[in-house]
Each structure stands twice: as structure tokens, then as C-alpha cells.
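Please read all numbers here as calculations on a predicted model, not as lab measurements. Numbering starts at 1 and runs along the sequence shown.
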Amino acid sequence: LSVESAENSNYSFKDVAGNEEAKESMKDIIDFLKSPEKFTAYGARMPRGVILYGKPGTGKTLMAKAVAGEAKVPFYAMSGSDFVQVYVGVGASRIRQLFKKARNNKKGKCIIFIDEIDAIGKKRENGAASGSDERDQTLNALLTEMSGFNENNNIVVMAATNRLDTLDPALLRPGRFDRHIEITLPDICAREKIINLHLKNKPAGDIDIHTWSEKTAYFSGAKIESLINEAAIIACKENSPKIEDIH
């Protein structure tokens with residue numbers, strides 16, 4: 001049984017186009033991780049957990065990595081499915097192991113990121129037809145780690161989900177995931193920045209980026225990246241020296 005090692009994130013807010021309101025909400029998390037004593041002096045308790053929610057491909061994982069990069073703290077990333085096991089108790093053991101490893105890191109502060117948290121955090125049903133014992137035990141272990149039973153003062157837990165409405169209310173209460181931040185689809189200005197970002201290392205011709213930012217309304221960041229990648233593949237197949245703007 002092993003838990004992923006921490007990584008140092010090389011991302012920053014410069015790598016995240018758009019979502020200015022979400023970035024603003026994250027700034028006090030970054031300040032807390034950089035200088036927790038400033039908040040302690042005011043008797044303030046920082047959010048123990050932050051849920052990032054929004055449509056697939058909007059950049060929830062990228063936002064979490066950027067927060068870790070801005071705060072310069074270790075980043076422990078796992079997916080909810082990593083805790084889903086056949087044998088009862090294995091998922092709960094992995095949760096405890098993850099938090100123990102995070103508490104013992106050299107810096108004394110870090111970010112734990114759980115992607116697709118709905119894999120373990122869905123609402124529990126009353127009665128005999130409830131979810132598996134394994135999933136309930138895993139969720140209970142996470143709730144215990146995030147509550148006051150263990151002091152994780154300098155650990156911020158971040159999680160991502162596409163379906164906030166499916167999560168158990170015990171996870172979303174104050175003292176656990178007390179801050180809920182929506183990561184939205186990019187607006188026209190953000191789409192322009194995303195297109196520029198993904199064309200940076202590609203042989204782009206004279207492309208009208210503003211027009212393409214208008215044409216890609218309702219595209220997520222991931223969908224725009226895929227579009228530009230397809231354009232690069234087509235240019236390569238046709239032996240074109242550059243990615244051309246064809247209307």
C-alpha cells in the first residue's frame with residue numbers, strides 16, 4: 001500500500017487564463033500558507049478545505065496546482081478512484097496514510113488535492129440499501145481527518161468535482177470543505193489568452209485569434225487545447241510550414 005509522493009508545482013496564476021474571481025478567492029489561501037502566523041494573530045481559522053466545482057475541462061486541477069505553485073508548498077495529488085478498493089478498510093487506510101505523510105513533510109505545510117472526489121464522497125443513503133461498507137469507511141476516514149480530531153492547521157485540502165450536488169452534506173459543512181469555488185467556462189477574453197497560450201510553442205501563421213475566441217463560445221480550456229492540437233496535427237499531415245487560419 002503506497003501513497004503518491006509530494007511534488008513541487010511549477011505552475012502559477014500566469015498559467016491560468018480567466019477565472020479571475022476564483023483566483024481572488026484563492027489569494028487568502030495562498031497568504032495563509034505563506035504566513036499562517038498573520039492569521040493566527042487575529043484568531044482567524046483558515047478554511048480547512050476548498051471544493052473546486054465546474055464543468056469538465058474548465059481547469060480545476062490546473063487551478064489547484066497554481067495555488068500550490070504560488071504558495072511554494074508541497075502538492076499531494078490523488079484521484080478519488082485511488083481510494084476505491086474491493087477490500088473493506090483499504091481505502092480508509094490510504095486516506096490516513098496520505099494525511100500522515102502530509103503532516104510529516106519537511107515544510108510543515110502543504111496542499112492535499114483529491115480529484116473526482118465524488119468517487120468516495122457521494123451522499124450516503126439511510127437503510128440497508130446504502131452504499132458499500134468500503135466507500136462509507138473511506139468517507140468516514142476523510143471526514144475524521146478533516147474534522148477537529150486531528151490538528152492539520154497548516155494543511156489545506158482541495159478537491160475537484162463536476163457534480164457538487166451529489167456530495168455528502170457532512171463533507172460540505174463548515175470545518176471541512178467550507179469554501180466552494182466555481183471554476184467557470186472561459187469568457188471571450190480568457191479564450192483569447194488560452195489560444196495564445198497554446199499557440200506559443202507551435203509554428204502559427206497569421207491567425208486571427210480574436211475571431212477564433214468568438215467562434216469558440218462555450219468551449220472549455222481543455223476543448224480549446226484539443227482544437228489547437230488537432231490543427232497542429234492537420235498542418236503536420238499536410239506538410240504545411242505553419243498552422244494556417246482557414247475560414
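- Considering every non-hydrogen atom in both Ala17 and Ala190, the closest pair reads CB-O, 3.8 Å.
- Using modelled atom types, no side-chain atom of Ser226 and backbone atom of Ala222 make a donor-acceptor pair closer than 3.5 Å.
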Fill in: Intermediate values then yes/no, side-chain contact (heavy atoms from CB on, under 4.5 Å), Met158 and Met26
CA-CA 11 Å; Met158 298 180 74; Met26 293 294 191; 3.5 Å; yes
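- Looking at every heavy atom in both residues, Ala204 comes nearest to Leu199 through CB-CD2, 4.1 Å.
- Inspection of the Lys65 and Asn10 side chains reveals no N or O donor paired with an N or O acceptor under 3.5 Å.
- Using a 4.5 Å cut-off on side-chain heavy atoms (C-beta onward), Thr161 and Ile117 make contact.
- Minimum interatomic distance between Pro74 and Asn8 (heavy atoms only, all atoms of both residues): CA-OD1, 4.2 Å.
- Using a distance-only test at 3.5 Å, with no hydrogens or angles considered, no donor-acceptor pair links the side chain of Arg124 to the main chain of Asp136.
- Taken to the nearest 0.5 Å, the CG atom of Leu197 stands 12.5 Å off from the NZ atom of Lys14.
- Phe113 has its side chain within reach of Thr61: a pair of non-hydrogen atoms, C-beta onward, lies under 4.5 Å apart.
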Item to complete: Test salt bridge (charged side-chain N to carboxylate O under 4.0 Å, His left out) on Asp168 and Lys123 and set out the steps.
Response: CA-CA 4 Å; Asp168 196 280; Lys123 289 174 185 171; over 6 Å; no
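- Asn19 places no side-chain N or O within donor-acceptor distance of the main-chain N or O of Ala22, the cut-off being under 3.5 Å.
- Taking OG of Ser9 as the start and CG of Leu62 as the end, the distance is 8.5 Å to the nearest 0.5 Å.
- Remark: side-chain polar atoms of Ser220 are paired, donor with acceptor, to backbone N or O of Lys223 under 3.5 angstrom.
- Atoms CD and CZ, on Gln97 and Phe83 in that order, are 9.5 Å from each other to the nearest 0.5 Å.
- Leu142 and Leu164 fall within the same hydrophobic cluster, where Ile, Leu, Val, Met, Phe, Trp and Tyr residues are linked whenever their side-chain heavy atoms come under 4.5 Å apart, directly or through other members.
- Heavy-atom contacts from other residues, nucleotides or ligands closer than 6.0 Å to CD of Glu244 number more than 12.
- Salt bridge status for Asp28 with Arg179: present, with a side-chain N to carboxylate O gap under 4.0 Å.
- Here the closest non-hydrogen pair linking Ala92 and Thr138 is N-OG1, 3.6 Å.
- In the hydrophobic cluster analysis, where Ile, Leu, Val, Met, Phe, Trp and Tyr join through side-chain heavy atoms closer than 4.5 angstrom, Leu52 is grouped apart from Leu185.
- Asp118 and Thr166 share no donor-acceptor pair across their side chains, judged by distance under 3.5 Å alone.
- Atom NZ of Lys107 is surrounded by more than 12 heavy atoms from other residues, nucleotides or ligands within 6.0 Å.
- With sequence neighbours left out, Thr58 forms a side-chain hydrogen bond (donor to acceptor under 3.5 Å, both in side chains) with no residue at all.
- Residues Ile234 and Lys237 fail the side-chain proximity criterion, which asks for heavy atoms closer than 4.5 Å.
- Separation of atoms OG (Ser93) and CG (Leu98) is listed at 11.0 Å; rounding is to 0.5 Å.
- Looking at Glu70, its side chain does come within 3.5 Å of a backbone N or O of Phe13 through a donor-acceptor pair.
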Discussion item. Using side-chain contact (heavy atoms from CB on, under 4.5 Å), reason through Val50 and Val157 one step at a time and then give a plain yes or no.
Written reply: CA-CA 6 Å; Val50 180; Val157 184; over 6 Å; no
Practice prompt. With side-chain contact (heavy atoms from CB on, under 4.5 Å) as the test, would you mind laying out the steps for Leu143 and Leu171 before giving the verdict?
Written response: CA-CA 7 Å; Leu143 295 173; Leu171 261 183; 3.8 Å; yes
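- Proximity of a side-chain donor or acceptor of Asp82 to a complementary backbone N or O of Met78 within less than 3.5 Å is not detected.
- Side-chain contact between Ile195 and His198 is absent, with no heavy-atom pair separated by less than 4.5 Å.
- Leu167 is listed as a side-chain neighbour of Ile51, based on a closest heavy-atom distance under 4.5 Å.
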Practice prompt. Any chance you could lay out the side-chain contact (heavy atoms from CB on, under 4.5 Å) test for Thr216 and Ile188, step after step, and finish with the verdict?
Written response: CA-CA 8 Å; Thr216 50; Ile188 187 166; over 6 Å; no
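- At distances below 3.5 Å, at least one donor-acceptor pair connects side-chain atoms of Arg48 with backbone N or O atoms of Met146.
- The pair Arg103-Glu145 meets the salt-bridge criterion, since a charged nitrogen lies less than 4.0 angstrom from a carboxylate oxygen.
- Across every non-hydrogen atom of Val16 and Ala66, the tightest pair is CG2-CB, 3.8 Å.
- The backbone N or O of Ala159 lies less than 3.5 Å from no partner atom in the side chain of Lys60, so there is not a single donor-acceptor pair.
- Put simply, the side chain of Lys242 never gets that close to the backbone of Pro203: no donor and acceptor are under 3.5 Å apart.
- Ile112 places none of its side-chain heavy atoms less than 4.5 Å from the side chain of Phe75.
- Between the side chains of Arg191 and Asn196, no donor-acceptor pair is found at a separation under 3.5 Å.
- In this view, Asp178 and Arg45 satisfy the side-chain hydrogen bond (donor to acceptor under 3.5 Å, both in side chains) rule, not counting sequence neighbours.
- Note: Glu230 CD to Glu225 CD = 9.5 Å, rounded to the nearest 0.5 Å.
- Side-chain heavy atoms closer than 4.5 Å link hydrophobic residues (I, L, V, M, F, W, Y) into clusters, and following such links, possibly through other members, connects Phe219 to Ile209.
- In this structure, CD1 in Ile29 is found 8.5 Å from CD1 in Ile111, a value given to the nearest 0.5 Å.
- Scanning both residues, Ser79 and Ile114, for their nearest heavy atoms gives C-CG2, 4.4 Å.
- Counting heavy atoms from C-beta outward, Tyr53 and Ile183 have side chains that stay 4.5 Å or more apart.
- Looking at heavy atoms from C-beta onward, Arg173 lies in side-chain contact with Ser147 at the 4.5 angstrom threshold.
- Classified by interplanar angle (parallel below 30°, tilted 30° to 60°, perpendicular above 60°), the ring pair Phe32/Phe39 is perpendicular.
- Hydrophobic clustering (ILVMFWY, side-chain heavy atoms < 4.5 Å, transitive): Ile207 and Ile224 are in one cluster.
- Within 6.0 Å of NZ on Lys202 lie more than 12 heavy atoms contributed by other residues, nucleotides or ligands.
- For Lys122, the NZ atom sits in a loose shell: 12 or fewer heavy atoms of surrounding residues, nucleotides or ligands are nearer than 6.0 Å.
- Between the side chain of Asp206 and the backbone N or O of Asp245, no donor-acceptor pair lies under 3.5 Å.
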